[in-house]
Asker: 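Handing you this structure, nothing more for now.
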Amino acid sequence: MLVWVCVVMAAIMLGLAAVSSLRWRYEHDAPLMIYAGYLVAGGAVPYRDFFDMNTPGTYYVMAAVGSVFGWDESGFRYFDLFAMAALAALTYLWMRRFGMEAAMAAIVGFLLWYLKGNTVLSLQREYLLLLPFAGILGLVFAGNRLPLIRAAAAGACAGVAMLIKPHALLLVLPLLPVMFGTGAHTVVWPRRAVVFAAGLLLPLTTMCVYLALSGGLAPFVDMARNYWPLYTAMTGGHSPISGWPRIIYLVVSTGKGVATPYTALAILGVFVLNKNGTYRREVRWLCGLLCAAALYPAVAGQFWSYHWLPYYYLTLCCAAMSFTVLPAVRRVSAMGAPLAVCVLLLYLSGAAVDHLLQARDTDPPKDGVPDAIARYLRTHQRAGDVVQPLDWSGGAVHGMLLARAPLATRFMYDFHFYHHIDSPYILRLRREFLREMSAVRPRFIVQILEHKPWPAGPGTTRDFPELHRIVISHYTPVIDDLRFRILERIDGVDCNSEQ
């Protein structure tokens, strides 16, 4: 009874927190992904018409969300709640085999943790890929057997997840023995493998064919081959790193990521589950999934909080496994693990509500920089005007999104111009950017001055002399804030004269 009281209280707090989150505004990485979706919804082809390091699945998710819910921030907040409800349903589908208490605790616990993370986690790519990943878990563990149609659907979900993040395949690998199990089904597993592979290839092949026909595949392959190795060889502080220092960095960062109380509770939940002989098979694949999710950030070499979303999803689900033993509990001492999870739920409830009930709607993103940029662009841009941001995640693209400002060149941000500056690929990107700036001659340039993420360390710079000459020769500041600058092209001056 005590357990259900805690779960119900946490569920009520989750509802309050979810309603409060409607006041949020998107920020950090989300505006970049949403702006890319806005471009795609307007007919742009990824990689051909705009440069970005992500795989195309996120762009089309954002394009679909904006087309259905609208491009205002409130529309994406409603989509976020819709995605939370869908994730809850999919989690229940695969967690119900461990009991109603465990399923409800897993759902409420993870969604409270997600909301506690605020806008930094909101609508991140790892959050989006949790939906197809939970779908795979639901399809695989909905019953004791895996019919061919469910194997094909699981493959399709894996393909969709890979379109959002390619190394999402790592999360699927521990499930392969479950899907293609031998034993009594030795004759059947090759057919399951074939239909799973067919389902996996369907979304991937469809996207590749579309990009090939529209001219986006060649620039995507070029970016993946040449830029991904450079970006993944950087630390969280945007410093290039290689060799043994990089290996040490990956090991230490992974260790720090898993060294949390959530991991301890997950191990405790799996231990409790293992003592129940009914679930020995499930314990093996849960351990495999936890290990895969712990390694997931290291594959990309990035350890931001949102990269750990799949890991925390699985740790909270595993922690909830402690509730599986409740119907058989006869001793007070055996209640230690379930009570520890109850304490966790109460903590998450208090933290989430305390965080969300603050007047966050009075705090605009990036200290109001995107709003100020949007106000100016809305009142001054004319039909046909295009805007070039010189920023990454400092608010320039966010302001352009709010103002529905068209992108001038293929480059939404300029971070890649300033690291690995001796790389032939980076030098080629610089030359391409200068050519486009000279050819397009954007009317406005939006330059972030404060809180702009810059690369640091060997092989990095903050100088781009050729671009600087274009800016000082052909543009004049119309807003010169300490935090950002908006420059307008001087009429009658031809940028090509500098090239």
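All of these numbers come straight from a predicted model, not from anything done at the bench.
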Asker: Between Leu148 and Arg191, does a side-chain contact (heavy atoms from CB on, under 4.5 Å) hold up when you go through it step by step?
Answerer: CA-CA 8 Å; Leu148 295 182; Arg191 283 184 287 172; 4.1 Å; yes
Asker: Rounded to the nearest 0.5 Å, what's the gap from CZ on Phe323 to CG on Leu273? Could you check?
Answerer: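 Reported to 0.5 Å precision, the distance equals 13.5 Å.
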Asker: Is there a donor-acceptor pair under 3.5 Å between the side chain of Arg48 and the backbone N or O of Ser214?
Answerer: yes
Asker: Checking side-chain contact (heavy atoms from CB on, under 4.5 Å) between Leu14 and each of Leu115, Leu348, Leu345, which is the one that passes?
Answerer: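 For Leu14, the side-chain contact (heavy atoms from CB on, under 4.5 Å) test succeeds with only one of Leu115, Leu348, Leu345, which is Leu115.
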Asker: Please collect all side chain to side chain donor-acceptor pair (under 3.5 Å) contacts where either partner lies in residues 124-137, sequence neighbours excluded, each pair once.
Answerer: Asp29-Arg125, Asn54-Arg125, Asp80-Tyr127, Glu126-Lys165, Glu126-Tyr296
Asker: May I ask you to check whether Thr119 and Arg25 show a side-chain donor-acceptor distance below 3.5 Å?
Answerer: no
Asker: Could you please spell out the steps behind the side-chain contact (heavy atoms from CB on, under 4.5 Å) verdict for Leu289 and Phe133?
Answerer: CA-CA 11 Å; Leu289 286 170; Phe133 176 60; 4.0 Å; yes
Asker: What's the verdict on ring-ring contact (aromatic ring centres under 6.0 Å, His included) for Tyr312 and Phe110, showing C-alpha distance, side-chain angles and the deciding distance?
Answerer: CA-CA 7 Å; Tyr312 277 96; Phe110 175 74; 8.6 Å; no
Asker: Heavy atoms, side chains only, cut-off 4.5 Å: are Tyr425 and Asp222 in contact?
Answerer: yes
Asker: Please name the pair of heavy atoms, one in Ala102 and one in Met95, separated by the smallest distance, quoted to 0.1 Å.
Answerer: O-CE, 3.5 Å
Asker: Determine whether a donor-acceptor pair (N or O, by modelled atom type, separation under 3.5 Å) exists between the side chain of Arg404 and the backbone of Leu401.
Answerer: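 Here the side-chain-to-backbone pair exists.
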Asker: When rounded to the nearest 0.5 angstrom, what distance separates CG in Leu22 from CD in Glu73?
Answerer: 12.5 Å
Asker: Can you give me the closest heavy-atom contact between Met321 and Val272, atom names plus distance?
Answerer: O-CG1, 4.5 Å
Asker: Looking at CG of Leu93 and CG of Leu137, how far apart are the two atoms once the value is rounded to the nearest 0.5 Å?
Answerer: 9.5 Å
Asker: State, with a plain yes or no, whether a side-chain heavy atom of Thr260 is found less than 4.5 Å away from one of Trp308.
Answerer: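 No, side chains not in contact.
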Asker: Checking Thr206 side chain against Leu202 main chain: does a donor-acceptor pair fall under 3.5 Å?
Answerer: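 Yes, the answer is positive, given that a donor and an acceptor are paired below the 3.5 Å cut-off.
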Asker: Got a donor-acceptor contact below 3.5 angstrom from the Thr235 side chain to the Gly237 backbone?
Answerer: yes
Asker: Nearest heavy-atom pair of Leu211 and Pro56: which atoms, and what distance?
Answerer: CD1-CG, 4.3 Å
Asker: Any side-chain heavy atom of Tyr60 sitting closer than 4.5 Å to one from Leu163?
Answerer: no
Asker: For the residue pair Tyr311 and Thr254, establish whether any side-chain heavy-atom pair is separated by less than 4.5 Å.
Answerer: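 No, every pair of side-chain atoms sits at 4.5 Å or beyond.
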Asker: Measure centre to centre between the rings of Phe50 and Tyr59, then say whether the value is under 6.0 Å.
Answerer: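 Yes, close enough.
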Asker: Go through it in stages, so that I can follow the logic: the residues are Tyr347 and Lys116, the test is side-chain contact (heavy atoms from CB on, under 4.5 Å), and I'd like the CA-CA distance, side-chain angles, deciding distance and then a yes or no.
Answerer: CA-CA 11 Å; Tyr347 160 73; Lys116 186 175 74 73; 4.0 Å; yes
Asker: Are Tyr35 and His398 close enough that their ring centers fall under 6.0 Å?
Answerer: no
Asker: Other residues, nucleotides and ligands only: do more than 12 of their heavy atoms fall within 6.0 Å of CE on Met53?
Answerer: yes
Asker: Please check: side-chain N/O of Ser322 versus main-chain N/O of Ala319, any donor-acceptor pairing under 3.5 Å?
Answerer: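 Yes, because the side chain of Ser322 sits within donor-acceptor range (under 3.5 Å) of the backbone of Ala319.
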Asker: I'd like to check the ring pair (Phe, Tyr, Trp, His ring centres under 6.0 Å) partners of Tyr231; sequence neighbours left out, ordered by chain and number.
Answerer: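 Not a single residue meets the ring pair (Phe, Tyr, Trp, His ring centres under 6.0 Å) criterion with Tyr231.
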Asker: What heavy-atom pair brings Pro31 and Val397 nearest, and what distance separates the two atoms?
Answerer: O-CG1, 4.1 Å
Asker: Using the side-chain contact (heavy atoms from CB on, under 4.5 Å) rule, take Glu101 and Val7 through it: C-alpha gap first, then chi angles, then the decisive distance, then the call.
Answerer: CA-CA 8 Å; Glu101 297 93 340; Val7 172; 5.8 Å; no
Asker: Are a donor atom and an acceptor atom from the side chains of Thr91 and Tyr313 found within less than 3.5 Å of each other?
Answerer: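 Tyr313 and Thr91 do have a side-chain donor-acceptor pair below 3.5 Å.
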Asker: List in chain and number order the residues that pass ring pair (Phe, Tyr, Trp, His ring centres under 6.0 Å) with Phe51, two or more places apart in sequence or in another chain; answer none if no residue qualifies.
Answerer: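 Partners of Phe51 by the ring pair (Phe, Tyr, Trp, His ring centres under 6.0 Å) criterion, ordered by chain and then number, come out as Tyr227, Phe411, His416.
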Asker: Roughly how far, to the nearest 0.5 Å, is CG of Leu314 from OG1 of Thr263?
Answerer: 11.0 Å
Asker: Assess the residue pair Ser122 and Arg77 against the criterion (side-chain hydrogen bond (donor to acceptor under 3.5 Å, both in side chains)); give the C-alpha distance rounded to whole Å, side-chain angles, the decisive distance to 0.1 Å, and a yes or no.
Answerer: CA-CA 9 Å; Ser122 179; Arg77 292 306 317 139; 2.9 Å; yes
Asker: List the atom of Ala11, the atom of Val108, and the distance in Å for their closest heavy-atom pair.
Answerer: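 For Ala11 and Val108, the tightest heavy-atom pair comes out as N-CG1, 3.8 Å.
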Asker: Take Ser393 and Tyr413 through the test side-chain hydrogen bond (donor to acceptor under 3.5 Å, both in side chains) and record every step on the way to the result.
Answerer: CA-CA 8 Å; Ser393 57; Tyr413 47 90; over 6 Å; no
Asker: Using side-chain heavy atoms (C-beta onward) and a distance below 4.5 Å, is Ile107 in contact with Cys317?
Answerer: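 Counting from C-beta outward, Ile107 and Cys317 never come under 4.5 Å.
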Asker: What's the shortest heavy-atom distance between Ala374 and Leu402, and which atoms?
Answerer: CB-CB, 3.6 Å
Asker: So, taking the atom named CG in Leu346 and the one named CE in Met9, what distance separates them when rounded to the nearest 0.5 Å?
Answerer: 6.0 Å
Asker: Would you say the ring centers of Trp392 and His28 fall short of 6.0 Å from each other?
Answerer: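 Between Trp392 and His28, the centre distance exceeds or equals 6.0 Å.
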Asker: Answer whether the closest heavy-atom distance between the side chains of Gln302 and Pro297 falls below 4.5 Å.
Answerer: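 When only atoms from C-beta onward are counted, Pro297 and Gln302 do not touch, as no gap falls below 4.5 Å.
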Asker: Take atom CZ of Phe415 as the centre, draw a 6.0 Å sphere, and report whether it contains more than 12 heavy atoms from other residues, nucleotides or ligands.
Answerer: yes
Asker: Between Asp391 and Gly394, is there a donor-acceptor pair closer than 3.5 Å when you use the side chain of the first and the backbone of the second?
Answerer: yes
Asker: For the backbone of Ala266 and the side chain of Thr315, can you confirm whether one donor and one acceptor N or O come within less than 3.5 Å of each other?
Answerer: no
Asker: I need the Ile34 CD1 to Thr58 OG1 distance, nearest 0.5 Å.
Answerer: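 Between atom CD1 of Ile34 and atom OG1 of Thr58 there are 11.0 Å.
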Asker: Any side-chain heavy atom of Cys318 within less than 4.5 Å of one from Leu290?
Answerer: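 Cys318 vs Leu290: side chains touch.
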Asker: Does some side-chain heavy atom of His167 sit less than 4.5 Å from a side-chain heavy atom of Met162?
Answerer: no
Asker: Could you check whether the rings of Phe303 and Tyr249 sit parallel, tilted or perpendicular, using 30° and 60° as the cut-offs?
Answerer: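 Rings of Phe303 and Tyr249: perpendicular, as their planes differ by over 60°.
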